[in-house]
S.K.: 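Sharing a structure here in structure tokens format.
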Amino acid sequence: MREVIYRVAATIDGYIAGPHGELDWIVHDPAVDFAKVYESVDTVLLGRRTYELTRQPGAPPWPQGWQVYVFSRTLPPQDHPGVTVVRADAGARVAALRAAPGREIWLFGGGSLFRSLLEAKQVDLVEVLVMPVLLGGGIPLLEARAPLTRLTLEHVQKYASGLVGLRYRVPVAAAV
């Protein structure tokens, strides 16, 4: 079974983007090994708002060969070639992806999609790269009304820039 990993950068106060989707607060640290992350992944999951951020001028393209799934009830699939737009039952679609052969599945964002997949018990790991920043508002790491979920700490990585990488395992019976 392939693992779904919610891998995201977040501020100390729990935001993954500013109030208008700003990402200029992200601290870049050369010690973070993105090549290693990219090697382990072949599928990425995004909510509509996160997908729209990745389409902004200057945003890097997704690596060749990756399958990109965008979960949205409003995006017309024909207007978004190169990605698969999923309009219904995110949990069932992700369960099918997990059962198919392949590498890790990166739940790239955002907090709403994370909540729905957590409720559907389709998230295995939560990896947060905590930025030494306080935003005071914005898009939260996890949308409100999510189930209480107790996590098990697996790894902590401290970086010279002040970043802290945290990896938590989500129990099989996620909702407590």
Side-chain angles (χ1 to χ4, degrees), residues 1-11 13-26 37-38 40-129 135 137-149 151 168 170-176:
M1 179 79 61
R2 297 164 70 188
E3 290 194 313
V4 173
I5 304 169
Y6 183 39
R7 189 176 282 136
V8 66
T11 63
D13 52 347
Y15 297 102
I16 60 173
H20 304 288
E22 306 92 333
L23 300 173
D24 56 351
W25 50 268
I26 293 178
V37 169
Y38 287 3
S40 68
V41 172
D42 66 1
T43 304
V44 65
L45 313 175
L46 303 100
R48 180 192 50 81
R49 289 180 301 219
T50 303
Y51 171 65
E52 289 172 348
L53 288 174
T54 68
R55 298 185 67 215
Q56 297 298 315
W62 294 107
Q64 287 287 355
W66 278 20
Q67 296 178 13
V68 179
Y69 291 85
V70 179
F71 294 80
S72 170
R73 291 179 189 88
T74 60
L75 288 179
Q78 67 276 10
D79 293 348
H80 300 276
V83 303
T84 301
V85 176
V86 179
R87 298 179 137 261
D89 202 349
R93 185 58 173 267
V94 172
L97 289 172
R98 294 179 72 202
R103 296 185 294 227
E104 294 173 347
I105 300 170
W106 183 355
L107 171 52
F108 190 79
S112 176
L113 181 58
F114 177 37
R115 179 190 50 78
S116 68
L117 293 179
L118 192 61
E119 287 173 346
K121 296 179 178 40
Q122 295 300 318
V123 179
D124 299 286
L125 291 165
V126 177
E127 291 185 0
V128 180
L129 192 56
L135 279 184
I139 299 170
L141 173 83
L142 178 62
E143 187 178 69
R145 301 176 316 280
L148 171 65
T149 306
L151 308 174
Y168 291 93
V170 179
V172 175
V176 179

S.K.: Quick one: sort the Trp106 and Tyr38 rings into parallel, tilted or perpendicular, breaks at 30° and 60°.
M.R.: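 Trp106 vs Tyr38 ring planes: tilted.
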S.K.: Just jot down the ring-ring contact (aromatic ring centres under 6.0 Å, His included) partners of Tyr51, sequence neighbours excluded, or say none.
M.R.: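 Result, ring-ring contact (aromatic ring centres under 6.0 Å, His included) vs Tyr51: His80.
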S.K.: Is there a donor-acceptor pair under 3.5 Å between the side chain of Trp66 and the backbone N or O of Val41?
M.R.: yes
S.K.: Would you name the heavy atoms of Gly91 and Gln122 that are closest together and state the gap between them?
M.R.: O-CG, 3.7 Å
S.K.: So how far is it from Arg7 CZ to Phe108 CZ, rounded to the nearest 0.5 Å?
M.R.: 11.0 Å
S.K.: Does any non-hydrogen side-chain atom of Tyr69 lie less than 4.5 Å from one of Leu46?
M.R.: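 No, too far: nothing below the 4.5 Å cut-off.
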S.K.: What's the separation between atom CG in Leu142 and atom OG1 in Thr149, rounded to the nearest 0.5 Å?
M.R.: 7.5 Å
S.K.: I'd like to know if Arg2 and Asp124 make a salt bridge, using a cut-off of under 4.0 Å between side-chain N and carboxylate O.
M.R.: no
S.K.: Run the side-chain contact (heavy atoms from CB on, under 4.5 Å) test against Pro81 and tell me which residues pass, sequence neighbours left out.
M.R.: none
S.K.: Once rounded to the nearest 0.5 Å, what's the spacing between atom OG1 of Thr43 and atom CZ of Arg103?
M.R.: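 So the OG1 of Thr43 and the CZ of Arg103 are separated by 8.5 Å.
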S.K.: What is the distance from atom CZ of Arg145 to atom OG of Ser112, rounded to the nearest 0.5 Å?
M.R.: 8.0 Å
S.K.: Decide salt bridge (Lys or Arg N to Asp or Glu O under 4.0 Å) for Arg98 and Glu3; before the verdict, give the C-alpha distance in whole Å, the side-chain angles of both, and the deciding distance to 0.1 Å.
M.R.: CA-CA 7 Å; Arg98 294 179 72 202; Glu3 290 194 313; over 6 Å; no
S.K.: Look at the side chain of Thr50 and the backbone N and O of Gly110, then say whether any donor-acceptor pair between them is shorter than 3.5 Å.
M.R.: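 A pair under 3.5 Å: yes.
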S.K.: Test Arg87 against Val85 for side-chain contact (heavy atoms from CB on, under 4.5 Å), laying out the working first.
M.R.: CA-CA 6 Å; Arg87 298 179 137 261; Val85 176; 4.2 Å; yes
S.K.: Quick one: does any side-chain atom of Tyr6 pair with a main-chain N or O of Leu118 as donor and acceptor, under 3.5 Å?
M.R.: no
S.K.: So, taking the atom named CD1 in Ile139 and the one named CG in Leu53, what distance separates them when rounded to the nearest 0.5 Å?
M.R.: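 The CD1 atom of Ile139 sits 6.5 Å away from the CG atom of Leu53.
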S.K.: Is the side chain of Glu22 donor-acceptor paired with the backbone N or O of His20 at a distance under 3.5 Å, no angle test?
M.R.: yes
